[in-house]
Each structure stands twice: as structure tokens, then as C-alpha cells.
Amino acid sequence: MYKSELLKSGSESFNGKENDNVLFIIEKQLKDEKLWKKFVNVFLTKEDSEGNGWRGEYFGKMMRGACLAYKYLPDENLYAVLESAVKKLLTTQDEAGRITTYTPESEFNGWDMWCRKYVLVGCLYFSDICKDNELKKDILNALMRHADYIASKIGADKKPITKTSYIYGGLNSCTILEPFVELYKLTGKKEYLDFAEYIISVGGCETGNLIELVKEGKYPYTFPEVKAYEMMSFFEGVLAYYEVTGKEEYLDVVEKFMRSVRESDVTI
């Protein structure tokens, strides 16, 4: 996922409107240091605690897109802005290893796990373009502490992951599956694979095991939760799990899911 052989730096180019759009986004949005400051600041203010917000997702979403834009069009000014933002994010990590927009008293509710996922996603994408080996080590160490804290609190004999959100049966929380698999790829740490297997075992959703529903031939619009974004993110994680384990049944599940989406789900 994070190291795409299909997009090496500067290897692809577009003409006309498409290229203009990328340039516009880079210059007017991705290089805007004020935006990055706001994205990082919510990890200090913890303002998502009130009302179970999702401001913590913005850093990771923007960083993922920015790193892909950098790969498309390497720009050292853009790189400097992204590097600075990541370094600032790492300074928000507390002694327990948490990088989150929720206080300890309010954690693992609402969109907290979703936002923690995007911390992993954003930093993993930046690590893929990072030129500083020491910074790469710092990023990985911070992400491991971040992930270790999550795994110490959530699991089969702890708080169930599907209980960490009242939204979509906890499907939003279960999308952290993919970055945990990616961490396992980078570290070989069995605990991360174990945590991924735990998420697989619950099927991604409290109100219905999505993996089993796919195996039964159910269409996605009939699932107990039908939010497309979170659902697609979960099955991306199932695919990543197949990649590291070679268990064909999970590749079959993802292929069957994609066919069912193509056959049944049409959106305007």
C-alpha cells in the first residue's frame, strides 16, 4: 500500500487540466503551513474529546495525499513543509505513547480510533518518501509506541474494538486493520499481526461479521452497516492481511466483495 511500485517519484506525468489541478493543490493547499499547524494543534488541544469529533483525521488524510503529490511532482519546498509537519506531530506524543485528539478520560470513543488510524497512515506515507534515515527511525519508534498503547487497551480480553465507537457498529475503528498490518511488515513484530487477526476475527463490525456476510453472497447494500468509505477501508485491510499471510480465503473474500459492489452498488 505505502510503497507503490506503480508510482515512483517523477515517473508519471499528466497534461492539461489534470496537471494544472495537481499544481494548484500543491501550491495553494499542500504548501500552506498554516493548515498543517491547525492539523497538528488539535493533538495538543484534545478538542475532539468534546462531542467525539474527528478533527484528528485531517493530518493523516492530507499527508497521504501530499506524499502522493510529492511522488508525482518532487518539490523540495513541499517536502520541507511535510517534514516539518511530521516532526511537529511527533512532539505531541505523550509519555504513554498516545498521539490522539482525545484525552485519556474520553479515549476510545466516537472517532478516536479512526483518528489514530490516520496518524499511522499519514506517518507511514511520509516515511516512504523520507530522506532522513534518523527521522525514519524516529517515526517508526513513535508509531510503535502509538500502536503498542492501542493494543494494550483493546482486544479480545480487553475493551472490544467494536465498542470503541458507537458509529457504524465500530466499523470506523476496525479500519485500523491495514496500518497495523503495514507496521507488521516493517517491524516483524508478532503483536501487530496478532492485533490484525483479532480485528479479522470480529469481522469488522459489531452488528454483523462483514467477512462472513461476503462469504454468504450478501450484497453490501444489505449489510447492517452500509457506510461505503469505512467499508472499503476495512476490506483494504483484509487484502493487506492476505498479502502478509498468503491465506487465500481472504483474497477470495476481497475479490468476492469487489464483484458484489460492481454488481449491486450504484451511486449517483
Side-chain angles (χ1 to χ4, degrees), residues 37-64 85-86 88-124 138-184 187 189 191-207 225 227 229-230 233-234 237:
K37 183 178 180 180
K38 289 180 178 180
F39 295 154
V40 171
N41 193 54
V42 293
F43 290 89
L44 296 171
T45 62
K46 310 295 183 192
E47 57 198 276
D48 279 337
S49 300
E50 186 175 345
N52 291 325
W54 58 87
R55 298 170 186 84
E57 74 174 14
Y58 300 141
F59 175 89
K61 286 185 173 183
M62 185 76 106
M63 184 60 69
R64 175 177 58 189
V86 168
K88 288 173 182 173
L89 180 76
L90 296 187
T91 67
T92 71
Q93 187 164 42
D94 66 18
E95 292 182 359
R98 300 169 357 108
I99 306 177
T100 174
T101 53
Y102 284 67
T103 64
E105 296 75 24
S106 62
E107 69 178 1
F108 299 129
N109 285 293
W111 293 95
D112 184 25
M113 283 285 278
W114 174 260
C115 294
R116 292 184 198 227
K117 174 191 77 170
Y118 273 109
V119 168
L120 291 166
V121 169
C123 290
L124 285 168
D138 290 343
I139 292 169
L140 184 58
N141 286 335
L143 294 185
M144 289 174 67
R145 291 182 63 214
H146 177 71
D148 290 347
Y149 181 85
I150 294 169
S152 74
K153 300 291 184 180
I154 307 300
D157 56 346
K158 304 156 192 169
K159 183 171 185 175
I161 191 168
T162 55
K163 295 289 188 183
T164 61
S165 177
Y166 58 87
I167 305 155
Y168 311 130
L171 176 57
N172 53 342
S173 293
C174 290
T175 63
I176 205 168
L177 169 62
E178 184 177 17
F180 258 86
V181 173
E182 295 297 329
L183 268 185
Y184 172 71
T187 66
K189 190 172 177 180
E191 289 85 349
Y192 300 149
L193 184 62
D194 290 344
F195 193 76
E197 289 178 336
Y198 161 67
I199 299 175
I200 291 283
S201 73
V202 302
C205 186
E206 183 176 39
T207 51
E225 307 294 340
K227 182 70 185 301
Y229 184 3
E230 285 80 352
S233 296
F234 173 70

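Evaluation of the salt bridge (charged side-chain N to carboxylate O under 4.0 Å, His left out) rule for Lys153 yields no partner, not counting sequence neighbours. In this view, Tyr118 and Trp114 satisfy the ring-ring contact (aromatic ring centres under 6.0 Å, His included) rule, not counting sequence neighbours. Residues satisfying the side chain to side chain contact (heavy atoms under 4.5 Å, CB included) criterion with Lys163, sequence neighbours excluded, are Lys159, Pro160, Glu206. When the side chain to side chain donor-acceptor pair (under 3.5 Å) test is applied to Glu107, the partners found at least two apart in sequence or on another chain are Arg98, Arg116, Tyr149. Partners of Tyr192 according to the ring-ring contact (aromatic ring centres under 6.0 Å, His included) rule, which considers only residues two or more places apart in sequence or in another chain, are Phe180. Here Lys189 pairs with Asp148 under the side chain to side chain donor-acceptor pair (under 3.5 Å) rule; sequence neighbours left out. Partners of Glu47 according to the salt bridge (charged side-chain N to carboxylate O under 4.0 Å, His left out) rule, which considers only residues two or more places apart in sequence or in another chain, are Arg55. In terms of the side chain to side chain donor-acceptor pair (under 3.5 Å) criterion, residue partners of Ser106 (sequence neighbours excluded) are, by chain and number, Ser49, Thr103. Residues that satisfy the side chain to side chain contact (heavy atoms under 4.5 Å, CB included) test with Leu44, not counting sequence neighbours, are Asn41, Thr92. For Phe39, the ring-ring contact (aromatic ring centres under 6.0 Å, His included) criterion is met by Trp36, not counting sequence neighbours. For Asp194, the salt bridge (charged side-chain N to carboxylate O under 4.0 Å, His left out) test picks out Lys190, with sequence neighbours left out. For Lys37, there are no salt bridge (charged side-chain N to carboxylate O under 4.0 Å, His left out) partners at least two apart in sequence or on another chain.
Under a 3.5 Å cut-off, the side chain of Lys117 and the backbone N or O of Ser173 do not form any donor-acceptor pair. In this structure, the side chain of Arg64 does not engage the main chain of Leu124 through any donor-acceptor pair within 3.5 Å.
Side-chain polar atoms of Thr100 and Asp112 form a donor-acceptor pair below 3.5 angstrom.
One finds the CG atom of Asn52 at 10.0 Å from the OG1 atom of Thr101 (value rounded to the nearest 0.5 Å).
Scanning all heavy atoms of the two residues, the minimum distance from Ile161 to Tyr198 falls at N-OH, 2.9 Å.
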